[in-house]
Amino acid sequence: DWDARHEPVGWTRPGFDDGGWSPARTVAGVADPAPAVVDVEQEVGAVLTLRRRGEGSWSIDLGRAVVGGLRLDVDGVAGARVRIRLGEELQEDGRVRHRLRTGNVYEDTWTLRDGPQRIEHWGYRAFRHVELETEEGVDLTRAVRPVVLRSPHVGGAAFTSSDPDLD
């Protein structure tokens with residue numbers, strides 16, 4: 001869970017003054033670590049179309065599974081919460097199965113601060129379906145974008161098919 005009221009505004013952007021922060025602690029490194037071979041690109045998609053399920057409740061079907069998370073660009077009210085549930089499938093009642101069969105639980109609560117803000121998932125989630133629940137006064141209809149992670153193709157022959165999603 002994330003409480004944006006405690007997040008320093010602008011800390012992820014170049015030029016942020018972190019002079020008041022405690023310095024990082026230096027520790028001994030691992031001898032001869034293996035080089036990282038992962039190359040991941042992040043793509044922020046277009047604003048998603050939400051389907052209203054009731055007051056303060058929306059659902060989204062991305063139409064295909066993605067790896068990544070969500071980004072909210074919202075005008076917040078301090079203390080208002082947004083509950084997010086992600087999953088690869090729906091339950092019999094049509095709700096998102098956010099407690100995956102693998103044991104993962106894709107349920108977050110983001111607490112907003114006053115004014116315009118951007119909150120984004122970090123880490124790796126595989127999902128197709130989204131449920132959002134908010135308190136009264138928070139409008140998400142034009143606020144939600146997918147953040148998709150992918151590894152770019154590197155050298156050699158590329159796979160091609162009649163489906164751009166597979167490619």
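Every heavy atom of this structure was used, including side-chain atoms; hydrogens, water molecules and symmetry mates were not.
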Could you walk me through whether Trp2 and His121 pass the ring-ring contact (aromatic ring centres under 6.0 Å, His included) test, one step at a time? CA-CA 10 Å; Trp2 191 285; His121 276 120; 9.5 Å; no

For Asp93, side chain to side chain contact (heavy atoms under 4.5 Å, CB included) partners two or more places apart: Gln91, Arg95

Would you please name every residue forming a side chain to side chain contact (heavy atoms under 4.5 Å, CB included) with Asp61, sequence neighbours left out? Arg128, His129

Do you know which two heavy atoms are closest between [X] and [Y], and how far apart they sit?
| X | Y | result |
| --- | --- | --- |
| Pro146 | Ala46 | CD-O, 3.4 Å |
| Asp75 | Gly115 | OD1-C, 3.1 Å |
| Trp58 | Val138 | CH2-O, 3.6 Å |

Can you measure from [atom1] ([X]) to [atom2] ([Y]) and round to the nearest 0.5 angstrom?
| X | Y | atom1 | atom2 | result |
| --- | --- | --- | --- | --- |
| Leu86 | Ile60 | CG | CD1 | 9.0 Å |
| His98 | Ile84 | NE2 | CD1 | 12.5 Å |
| Glu43 | Arg145 | CD | CZ | 11.5 Å |
| Glu131 | Arg97 | CD | CZ | 12.0 Å |

Can Arg85 and Glu133 be counted as an ion pair, charged N to O under 4.0 angstrom? yes

Ring pair (Phe, Tyr, Trp, His ring centres under 6.0 Å) filter on Tyr124, not counting sequence neighbours, yields none

Are [X] and [Y] in one and the same hydrophobic cluster, where Ile, Leu, Val, Met, Phe, Trp and Tyr link if side-chain heavy atoms are under 4.5 Å apart?
| X | Y | result |
| --- | --- | --- |
| Trp110 | Val96 | no |
| Leu62 | Leu100 | yes |
| Val144 | Val148 | yes |
| Trp122 | Leu149 | no |
| Leu50 | Leu90 | no |

Scan for salt bridge (charged side-chain N to carboxylate O under 4.0 Å, His left out) pairs involving residues 14-27, sequence neighbours excluded, and state none if there are none. none

Inter- and intrachain pairs under salt bridge (charged side-chain N to carboxylate O under 4.0 Å, His left out), touching residues 108-121, at least two apart: Glu7-Arg113, Arg71-Glu120, Asp73-Arg118, Asp108-Arg125

Is Trp21 isolated, or which residues cluster with it under the ILVMFWY side-chain rule of less than 4.5 Å, directly or via members? Trp11, Phe16

Side chains of Asp163 and Ser161: any donor to acceptor distance under 3.5 Å? no

Does Arg142, at its CZ atom, have more than 12 non-hydrogen atoms belonging to other residues, nucleotides or ligands within less than 6.0 Å? no

Just checking Arg99: does its CZ atom have more than 12 heavy atoms from other residues, nucleotides or ligands closer to it than 6.0 angstrom? no

How about [X] and [Y]: do any of their side-chain heavy atoms sit closer than 4.5 Å?
| X | Y | value |
| --- | --- | --- |
| Val74 | Ile119 | no |
| Val82 | Thr109 | no |
| Thr111 | Asp1 | no |
| Val130 | Leu132 | yes |

Passing option when Phe127 is tested against Val67, Asn104, Leu70 for side chain to side chain contact (heavy atoms under 4.5 Å, CB included): Leu70

